[in-house]
Amino acid sequence: MDLGDLINPSPKVYDVAPIKRETRRTPNTVTEDDQNAEQLFNSILGPKYIKKPLEEIGTIDEDEVADSEEDEEIDELEIYDLLRNIKDPEHPLTLEQLKVAQHSLINIDQLTKTITVQFTPTITHCSMATLIGLCIRVKLLRSIPKTYKVDIKVSQGSHESENAVNRQLNDKERVAAALENSKLLSVVDKCIIHS
Amino acid sequence: MNWDKDYNKQCDELHSRDYYCNPDTSASGKKEALVSITTRISNGEVDLNTSIKSLADYLTVTDERIRAAAYEIMDVTLNNIKNKQEVVVQTLCSLLRFFGDRLHDYECVNEILTCIKTLMSTWKNSFENDLVSSILHQLLNDVSIPALTQPLRLSCYVIFDLIATHYPSMCKLLFANGFIQSIDGERDPKNLLYIFQLIPKLCSVCSDSIPSVAEELFEALSCYFPITYTPAADDPRNITSQDLSLALTTAMTSHPSFSTYCFPFLMEKLSTVVLETKKESIKALTQCIQTFGEDHTRPFLTEIWAYIRTEIIRTSNMDYVHLILDSITLIVNAVCSTNDPNINFKNIHVGLIRPAVTELESTTHSKFGALYSRMIYSAAVASPSICKMICDHMIPHILQINDHHQHSHHHHHHDGQPCNHDQSHSPSSSTMIMITQLAQASIETSSSFSHFDSIVEKMNQSSNESEAIELISRLSILNPDSKSCLDWLNRSIRNDQKRETTLNALQWMSKHSESLVIRFIDEHFDLDTIDESDLIVNVAILSRMGVQCGSNICRVIVMKLMPISNRSKFVMDGIHVMVSHCESMSVDRTMMNSMLDQIMSNANHRVAFQIVLILHSKCDLELQNECIKRCTSSYERHPHLLCALLISCRQQISFCDLQIGEHLITSSIRHGDSKSLYAIASVLNKLYHREQYYHQLLQCVAKHFVVSVDQYASAHHVDALSVVLRYLYMRGEYSVGDQLGRVLIGLLDHQHAQIKRAASNGFAIVMNQSKYDHHVIRQVLYKQRFFTVHANQLNHHRSNSCHLVAFANMIYQVNQSVISSEMSKLFPMVLRSLSVVEGDDVSVVDLVGAGLRAVKVLLSGDDTRNLIVDYLGSLIPHLLRWCRYESDANVRLTSVICLNQLVTFQYYKLHPFRQSVLDVLGEVIGDKKRLVRREAVKCRNDWFVLSE
């Protein structure tokens, strides 16, 4: 594949804002009354002045994963985290900066274990769309458990030959054949190496 | 003989003069000759007449070089002549006349000008007006001043200055003969500064003749506005841009007749696009109004206000806005300074007050309401009488507008139409801001405020908004006797939505009237009669007030809360919040004593220790000594209190009571909790410099530990032992430290699993650092020493897995270089800790966790990682096993991180493991913990793209 001529020489670059996951409150062991009083007191003081717990002498600092043994399922944000830093094949920009990948276009059905990723090429006649789709496919192939089924599509109306691209990206044989091509694989690796 | 000497002298004199005037003489020769001439003149050997006579021929020769040299000698003579007062005026006049006549000699004009300058500055009042006027005439007509060099131009200006100072009647002639043209095009900063300073002088000397030339003169000056000048780095003249700018503005305002040209000029400059010009213009405009005064400004005032209003509304630059607001204050002060109050009012009514009222009346453009309020505030703070005048006029209007708006607001709602105004831009909030600003101005100018009651009445009717709270706080200061304002504040501070605004308002109030805030606290926070839940709310609110309202209020609140600290744990929490956030709070004897009383009667409060630490460190030396003395007497009951005092006192305070020291230590060992352990640290610190006590004390520590560990055998004693061991090692007390270290190692073989575990964790505690260690003079390399001594001993007990945990706990906190030399001995031990199987006598998580941490650290060090290459074959299978370990997420995470650290090794070393690693990581990416999954993905990605 010749990367000499750029399909879209000047794509629009977007600001990248961090997305935060809503954290669940960890259960507390103190009694409810105490907790209510504490909450009341702290709510009046405001977050700036809430006292921090006293440091005990002789504790060892450890980066704890989490207190609870609760399972954390794979969610949309996690998938987005995997995809946001993939490089565009044409530009030294990430899919997030170009809004090719978007958090809102990722959907996970936990019941059927299906992940649907839609992406938006920067222009409708983008011939890189299949390559970008392949990068996403390879990245997810390497990053999520085999129990999940992954569907990759261009978002509706964002590409001239939408159906053809979608069919190509979800055709196991064609994906496998593409990955046999060592030249193509090295292009894909280049895009996802630092993602 | 005498005659002979005189003759020689004359010969010398003639010789040096000839020598100097000879154009072929070298520069150094000339210099020498000039020195000899100067000496002779200043010694009085030659008088003026002789000199003139001897130079007469030279001054008129055809060779201009000789003429110039002769003028130079003339100048030297004039400068150095002895008995200057005795020179005959006649001679001087003819000399000046001569020089004036020679001014057309353009080749020597430099020297001639210098001579004239010297003459006029040395004999200031000696010349007749006729002569001066002819010189002035010749100077301005025969010489083209702008064509001269910079120092000569300056000489001309100095001559003008001398004439203006000593012959004031001649000034008229200056302007008649083209003085203004002579300064045309001047660009040198030093000369400009001189001109700018000269012009005010001229204006005051010949004020009558200025109006006829005012336009021309102002134009010559205004072309320099706004002046910008950046001096060179090594500029010796030391002129700044500010000097020039100030002098220029002063020159531009130096005569009332300039006002006709000045105001339109500055207003035009004000509306340019360049921000710097705008700033300079508003500053100059302010200065003009101040200098020209009310009567000269009045014709332009309406227009000036219009320009200022436009500027402040248009700009988005806050600096500029503040500059304009400051200028408004100055301008208002200047234009309202007449004796007639009607004129004063008129001067600000049309341009400032009426537009503001109109703005508030309009419902469509009220977004500038706040800006107009600030402008009115700036005007009002000019003086008390102006403030009163503005308030008296505006407030009835504003109240009327407010009524009108509220009425129409209700009207809208009756129609069922939604009200589209943004809340902050709604008219009633603008009027509220305006009243607030007026009230604030009244407070700041301490002028009376007469509409208090009607406003409060209106406030009670209006909807509750944050502006209302601000206004109420302003009003409460205006009328401190009013109960309704404080009631209002009390209501709003207890409302969650309004609390922040109310606190800010109280903060503002505390700056203007602390006593009122204190009264508010006294009247509305009666803590004795309320129940527990109300107490929490009150304490929390008071604490916030204490933090925000400055150190004095904070002190009052702390003193108020202290007596009731036994009623709820939150009281101490509140005090803690205040003392830790209010750094400037002063601590006096009463406060400290009442604090100590409270803690002694209500001991062991969890934050009391911290509060004492903070408060005590703020006391002065004397008070600290007093507190320690007081607590020493009751140390048995309150050992913690004494510890806190000892930790927080200054270094100068000595404490060397061995008995108490020993008691503190033994009781701390008995308690074993973290607070007690401070005691050991503080006592060791205090006794550090008293050797005879210190060593006794160390022995006492060692003895008590050996005994207590046997006696109590509980985990927290082992923790205490570890902490003390750290203290000792830090201070370089190795012999006692080793003694206790052996005890710790011995405990690894203890019969109780709990003790064994605590002992192995103890090794991590010793090597760990705590932020409370800062008060210690730390020995360098103490960790290394501890490690080398104890690693060897642990190595002898290979069988016990507790020893492995202890070892792994140490290894990840010690310097890499120590480990690398013993790697071949140490790494197998680490590997053994990873090869445990379930069911061993020590917790797998502890052992493997410590082992993996050690691997992680060893892999990140440059020296050690290269030594690990040989062990990859046994290390990787362990890592693969532990990254699937179900029971502990930290173990999984650390092993994945370790696997990831491996990828920088050479490809051929890793290739044999690549497939198996990828397979296992394929499972780990489905881990139930997100953090583990994330690391696994990163790791797997890196292993995928491994390349040669």
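Please read all numbers here as calculations on a predicted model, not as lab measurements. These values consider heavy atoms only, across backbone and side chains, with no hydrogens, waters or symmetry-generated copies.
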Nearest 0.5 Å please: distance from the [atom1] atom of [X] over to the [atom2] atom of [Y].
X	Y	atom1	atom2	value
B:L918	A:R142	CG	CZ	9.0 Å
A:E78	B:R930	CD	CZ	5.0 Å
B:D927	A:I74	CG	CD1	10.0 Å

Ignoring hydrogens, what is the shortest heavy-atom contact between B:G926 and A:P145? Give both atom names and the distance. CA-CG, 3.1 Å
Shortest non-hydrogen contact between A:L82 and B:V937, atoms and distance: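 Looking at all heavy atoms of both residues, the closest pair is CD2-CG1, 3.4 Å.
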By side-chain hydrogen bond (donor to acceptor under 3.5 Å, both in side chains), which residues pair with A:T122, not counting sequence neighbours?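 Expected list: A:N8.
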Part of A:K146 within contact of chain B (heavy atom distance under 4.5 Å):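 Contact with chain B is absent: no heavy atom of A:K146 under 4.5 Å.
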With only heavy atoms counted, which part of A:L141 is less than 4.5 Å from chain B, the side chain, the backbone, both or neither? backbone
Near A:K153 NZ, under 6.0 Å, is it more than 12 heavy atoms from other residues, nucleotides or ligands? no
Determine yes or no for a side-chain-to-main-chain donor-acceptor pair under 3.5 angstrom, with A:D189 supplying the side chain and B:V945 the backbone.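 No: the side chain of A:D189 does not pair with the backbone of B:V945.
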Pick one of side chain, backbone, both or neither for B:V537, based on which atoms fall under 4.5 Å of a heavy atom in chain A.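 Both the backbone and the side chain of B:V537 come within 4.5 Å of chain A.
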